[in-house]
Amino acid sequence: MKIKYDLLKNDGKARYGMLHTNYGSYETPMFMPVGTLANVKTLTPEELKEMNSAVILSNTYHLWLRPGEDVVAHAGGLHKFMNWNGPILTDSGGFQVFSLAKNKKKDIVEEGVHFKSHLDGKDLFLTPELSIQIQNKLDSDIAMSFDECIPYPATYEYAKASTERTLRWAKRGKDVFNNENQSLFGIVQGGKYEDLRKFSAEETVKMDFDGYSIGGTSVGEDKDTMYKMIDYAIKYLPEDKPRYLMGVGEPLDLLEGVERGIDMFDCVLPTRIARHGNAFTRCGKINIKNAKYKEDFTPIEDNCDCYTCKNYTKAYVRHLIVSNESLGGRLLSIHNIRFLIKLMEEIRLAIKEDRFVSYKKDFIEKYTIKKTN
RNA sequence: GCGUGAUUGGUGAAGUGGUUAACACGGCGGAUUGUGGUUCCGUUAUGCAAGGGUUCGAUCCCCUUAUCGCGCC
């Protein structure tokens, strides 16, 4: 069965809805933790469930290299392989075009993309067809079209050519797509250019995907540019399909995205910064390694309902991080993911109660005054 | 007691008679947005055991003292 999206409520452009999948129905807007290598780094499925995590991400490029999509298929698909009985979205490898293809001009050709394996340096060639076929085998719930995540800044000429190619790739991927139980999302590119975003959105929608994502954001552009990229594209996306903003996960950006009509977000931020000792709090991000927490025997946040805050102190978590103990990154990952998921829970409630704008204002006010603390 | 070798920041240490005394670790702070990366970036000794001398100039040369090591009575 394909996924299905019900738009249940609007509050301005913000949307409250329900995403129906083969692994349950979940409210949107939602935040999706990233588990590139078939695991959300350091966390078990049980822990993710406890945090009320719905969809998790995995990555086509990475699983292709290791362990290989056939291994996953022989295991009975990604869900069984990783013991996750919730929905899974697989990224296509498009972001790796951005991060790993060193020489864009030479490595990105019409047929596909040349990579050097980050594992052994071996030459690899990934095409839209191959990406989709791998994802079909991985048997995720949502597959992504193979695109190029355009770097920032990019010239108009580059962005135009890349955007057009991404459209051709989307078509090619869709043509070979073959998995009844899987859905396929199209990706809007276009860089920072309004007409290209419009063009990309309209053309992608014409191909009729199960959902649409806005890509090419959070690649180094300033916030205003990012928000404009969303504005330029989102008005051309259909109301009855989910909209997914790729790679965005800073609390303030989630709010800005929701306000513009985004339903799904993913980001490595909560887990990555956790491993480096940072925690989201209502009063802004904190660095647990700071000396001032050495003897702070209070939780990261007093009113947080996460496992970490209910059981551990800043001083202890700090000690673990400073000592390079993996439990430190685990505890902070639990807190950070729960923080973002809780944020989305509150956002959904606010939308349902027609008070999203005031909720957003209150949150931002608190989040950005940390300096006085 | 005599002889001898050392003494550089929180630590391990490089180094030179002449502008700002390597590097590493540690400390302190920052970054991180579809995750190659226990990652990246700042910053951290106005001072080279103490005092005196030689010199235009000494952490580097000489003397004295202190501390530590080694050898011999």
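So you know, we letter chains A, B, ... as the sequences are listed, proteins then strands, and number each from 1. Since this is a predicted model, take the numbers as computed values, not measurements.
In this structure, Ile262(A) atom CD1 and rG34(B) atom C1' are separated by 13 Å, rounded to whole Å. Regarding Phe115(A), its CZ atom lies at a distance of 11 Å from the P atom of rU35(B), rounded to whole Å. For the pair Asp120(A) CG and rG36(B) C1', the interatomic distance rounds to 12 Å; values are reported in whole Å. Atom CD in Glu148(A) sits roughly 16 Å away from atom P in rG34(B) (whole-Å rounding). Rounded to an integer number of Å, the gap from Met226(A) CE to rG34(B) P is 10 Å. Taking atom CD1 on Ile150(A) and atom P on rG34(B), their separation rounds to 17 Å, with Å as the unit.
For an aromatic pair to be called close, the ring centres must be under 6.0 Å apart, and Phe356(A) with Tyr359(A) fails this. Note: Tyr61(A) and His118(A) meet the aromatic proximity criterion, with ring centroids under 6.0 Å apart. Here Tyr312(A) and Tyr307(A) bring their ring centres to under 6.0 angstrom of each other.
On the C1' atoms, rG30(B) is 31 Å away from rC48(B), given to the nearest whole Å. rA21(B) and rC68(B) are spaced 24 Å apart, taking the C1' atom of each and rounding to whole Å. Going from the C1' atom of rC25(B) to that of rU16(B) covers 25 Å, rounded to whole Å. A distance of about 35 Å separates the P atoms of rC23(B) and rU55(B), rounded to the whole Å. rU43(B) and rA24(B) have their P atoms separated by 13 Å, given to the nearest Å.
If you check every strand for non-hydrogen atoms under 4.0 Å, Leu57(A) touches sugar and phosphate atoms only. Within the nucleic acid shown, Lys116(A) has no heavy atom closer than 4.0 Å to any nucleic acid atom. Residue contacts shown for Asp266(A) are limited to sugar-phosphate atoms, with no base heavy atom under 4.0 Å away. Nucleic acid contact class of Arg318(A) (heavy atoms, under 4.0 Å, all strands): sugar-phosphate only. Note on Gly35(A): nothing from the nucleic acid sits closer than 4.0 angstrom, heavy atoms only. Asn290(A) comes within 4.0 angstrom of sugar-phosphate atoms only, judged by non-hydrogen atoms across all strands, and of no base. Across all strands shown, Asn59(A) has heavy atoms under 4.0 Å from sugar-phosphate atoms exclusively, and none from any base. Across all strands, Leu245(A) comes closer than 4.0 Å to no nucleic acid atom at all (heavy-atom distances). Across all strands shown, Gln189(A) has heavy atoms under 4.0 Å from base atoms, whether or not it also approaches the sugar-phosphate.
For a distance-only test at 3.5 Å, the side chain of Thr271(A) qualifies as a donor-acceptor partner of the base of rU35(B).
The nucleotide rC2(B) finds its pairing partner in rG71(B), both defining distances of the Watson-Crick or G-U wobble pair being shorter than 3.5 Å. Pair assignment for rU38(B): none, as no Watson-Crick or G-U wobble contacts are both less than 3.5 Å. Base pairing of rU7(B) is made with rA66(B), judged by Watson-Crick or G-U wobble geometry with both donor-acceptor distances under 3.5 Å. Of all nucleotides present, none satisfies the Watson-Crick or G-U wobble test against rA58(B) with each distance under 3.5 Å.
The phosphate of rU39(B) has neither OP1 nor OP2 within less than 4.0 Å of any side-chain N or O from Lys41(A). Residue Asn278(A) has no polar side-chain atom (N or O) positioned under 4.0 Å from OP1 or OP2 of rU32(B). Between Gln96(A) and rG36(B) there is a side-chain N or O to OP1 or OP2 distance below 4.0 Å.
Side chain to side chain, Asp253(A) and Tyr227(A) meet the donor-acceptor criterion of an N or O pair below 3.5 Å. Checked by atom type, the side-chain pair Asp141(A)/His79(A) shows a donor-acceptor distance below 3.5 Å.
When the nucleotides rG36(B), rU32(B), rG34(B) are ranked by their closest atom to the side chain of Cys267(A), rG34(B) comes out on top. Distance from the side chain of Thr36(A) is smallest to rU35(B) among rU32(B), rU35(B), rG27(B). Comparing rG36(B), rC28(B), rG34(B) by their nearest atom to the side chain of Ser99(A) picks out rG36(B).
Annotation: side chain of Pro151(A) is not in contact with side chain of Val219(A) (no heavy-atom distance under 4.5 Å).
You cannot call His62(A) stacked on the base of rU35(B); the centres under 5.5 Å and planes under 30° rule is not satisfied.
Using a 4.0 Å cut-off between charged side-chain N and carboxylate O, Asp208(A) and Lys241(A) make a salt bridge.
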